[in-house]
Amino acid sequence: MIERTLGIPSDEKETKVASQNPLKRIALEPVTRIEGHAKVTLLVDDEGHVRQARMHVVEFRGFERFVQGRPYWEMPVLVQRLCGICPVSHHLAAAKAVDRIVGGENLSSTAEKMRRLMHYGQTFQSHALHFFHLVSPDLLFGFDADPAIRNVIGVAKKYPDLAVQGVMMRKYGQEIIKATAGKKIHGTGAIPGGINKNLSIEERDVFLRDIDQMLDWAQSALKIAKDYTTEHLKQLASFGSFPSNHLSLVRKDGALDLYHGNLCAVDAEGNKIFDQVDYSSYLDYFAEEVRPWSYMKFPFIKSLGPEKGWYRVGPLARLNTCKFIDTPIAEKERKEFMKLGKGKPVNVTMAYHWARMVELVHAAEKIKELLHDPDLQGENLVVKGKRRSEGIGLVEAPRGTLFHHYRVNDDDQVVMANLIVSTTHNNEPMNRAVQKVAEEYLDGKEITEGLLNHLEVAIRAYDPCLSCATHALGQMPLLVELYDLEGNLLDRKARGE
Amino acid sequence: MSEPSARVLLIGYGNPGRGDDGLGPALAEAMEKLGLAGVTVDSNYQLVVEDAEAVAHYPVVVFADADAGGPEPFSFRTIKPQAGLGFTSHHLDPRTVLAMAQELFGAEPEGYLLGIRGYQFDPLQESLSPGARSNLEGAVNFFQTWWRQRSCLTSAGGSEFAARSGKEET
């Protein structure tokens with residue numbers, strides 16, 4: 001194990017340390033890595049017991065070095081290369097970091113609200129996409145249903161209204177992104193110290209026309225997730241679940257805030273590990289562990305160490321860390337959601353979906369609130385102040401907390417970049433979920449459809465970001481491989497083959 | 001100006017920041033510049049659910065993607081609607097897009113998949129490899145010829161133009 005201090009870009013050679021694990025190592029040299037995939041490897045003993053389960057997700061490695069030497073003002077646009085599903089998260093996290101470099105972190109109200117509208121639009125479309133495209137088939141047909149039926153087309157056939165709503169919600173969010181960021185991909189809206197446009201009355205009125213419909217649909221989706229979770233709680237309570245710490249940004253008063261706030265972490269019992277930590281000091285609170293079998297690092301809270309300091313991020317974590325939500329419908333729903341934990345944080349992995357839908361409703365409410373705010377038509381778009389050589393920006397991306405950190409030289413070139421994405425924060429939890437599911441559903445020495453289905457369901461709860469990987473034809477998104485203790489491949493299945 | 005009688009939506013997708021994975025968007029960019037009559041061009045990192053709504057407005061849709069192991073310089077085949085179970089929200093099969101257009105919007109556009117052979121899918125490589133660039137040129141030329149012939153046939157009420165090198169997927 002190599003522990004490194006955050007902020008210092010890792011050398012890839014660090015990952016090539018000798019394994020300390022006494023079990024036979026699974027072959028995972030760089031050449032065997034499969035771009036565009038998540039890969040699960042399971043190691044079983046002679047009795048068919050799972051001795052080790054690991055999940056490997058390809059990360060956009062090397063980006064931190066790639067941006068070195070580039071002018072800092074390019075960052076908010078350049079970093080959108082990282083993800084085609086949530087480029088706005090990277091756009092805004094980078095913009096917030098760059099704001100500090102130009103001394104423009106105290107944005108005008110127009111600029112901040114435009115950015116918030118962009119961010120909530122993105123959250124709305126991303127959550128709707130995840131629920132409709134990935135989760136609703138599992139919830140509506142059951143985990144064990146035939147994959148030929150348990151898919152988005154199955155939903156479209158049996159629940160056509162819901163399916164159309166999913167598409168239209170996604171589209172609505174994308175249109176908000178276009179109106180605030182300039183275009184749906186590679187937007188340029190957020191610039192150092194502000195925003196490059198406001199929202200016209202005409203644009204506003206288009207969105208206002210449909211927002212109540214969006215809010216209604218969001219509540220319908222929430223009801224599906226809530227009803228499913230409560231009706232199947234006995235089954236779901238242990239499915240891929242475990243006690244964990246939770247991390248997110250929260251507002252100064254403890255409210256859920258997806259755009260800005262301070263860091264808050266709670267343990268599995270709900271005790272505060274830290275609260276209201278200025279994220280500019282994140283290096284004092286976090287470190288990363290490098291493990292020989294994975295390129296993706298394992299972040300942890302320094303004070304707790306790597307064994308106990310790992311945590312979850314994303315919708316589940318956010319509802320566990322915030323004190324309240326500042327929109328009425330979502331707050332009512334949050335209170336109901338938190339009853340699951342009986343006074344403690346909710347640690348049910350499958351409750352991610354319910355939490356995500358509470359946030360979907362919250363995003364719709366925030367969009368409506370912002371659309372009625374005349375500040376969006378303001379003319380004061382950019383502020384500047386005293387230049388700095390360093391900037392750190394965080395946002396709560398749809399999948400969780402996103403860190404961007406840059407240092408620049410006197411020639412305005414980036415000399416250091418450190419990015420920690422949501423999927424990296426959730427690395428350890430996803431591995432634990434895979435281990436639990438494999439222990440429960442592996443039967444013998446072959447990968448059954450049932451095992452594959454349940455592994456997929458557990459991983460989907462986190463919706464790991466694979467957009468950094470390629471998607472060329474002929475590449476499958478999920479591989480599961482089963483090895484014996486000698487390292488012999490016993491079985492292999494790929495979803496979509 | 002009246003709308004052309006033959007219309008096609010070309011969606012080129014892939015990540016231009018991953019070397020030859022950017023072949024789809026590169027084709028889209030080239031076709032956009034050519035401005036062929038009746039051709040509407042779109043480009044994205046990957047296919048997304050609202051593409052189902054977009055394709056529903058067209059009688060013909062061509063999906064252009066990089067192909068990591070297919071025939072050189074490219075392949076072109078018809079595709080049919082087919083349900084698929086996604087693993088993440090970051091990946092959607094073009095056949096699923098067609099199936100969604102059919103189920104959700106009652107549209108049945110003819111679907112084609114143009115797979116352009118790529119070789120280098122390195123992260124943070126913003127340009128195409130020489131081989132991919134050559135294959136792209138071939139694909140651009142092919143698409144122009146195909147569409148011109150196709151639109152002429154459509155205008156003349158002729159029979160369907162056979163897809164080159166394409167075996168039909170079921």
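Contacts between B/A99 and chain A at a heavy-atom distance below 4.5 Å involve backbone atoms as well as side-chain atoms. The part of A/F132 that comes within reach of chain B is its side chain, from C-beta onward, which places non-hydrogen atoms under 4.5 angstrom from that chain.
Classified by interplanar angle (parallel below 30°, tilted 30° to 60°, perpendicular above 60°), the ring pair B/F142/B/F74 is tilted.
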N/O donor to acceptor pairs below 3.5 angstrom from side-chain atoms of residues 133-141 of chain B, sequence neighbours left out:
{"residue": "B/N135", "atom": "ND2", "partner": "B/R117", "partner atom": "O", "Å": "3.0"}
{"residue": "B/N135", "atom": "ND2", "partner": "B/Y119", "partner atom": "OH", "Å": "2.9"}
{"residue": "B/N135", "atom": "ND2", "partner": "B/G131", "partner atom": "O", "Å": "3.4"}
{"residue": "B/N141", "atom": "ND2", "partner": "B/E137", "partner atom": "O", "Å": "3.3"}

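Looking at A/L455 and A/V434, their side chains come closer than 4.5 Å, going by heavy atoms from C-beta outward.
Per-residue heavy-atom pair counts under 4.5 Å with chain B were compared for A/K157, A/K171, A/M168, and the maximum is reached by A/K157.
For the pair A/H91 (side chain) and A/P76 (backbone), a donor-acceptor distance under 3.5 Å is present.
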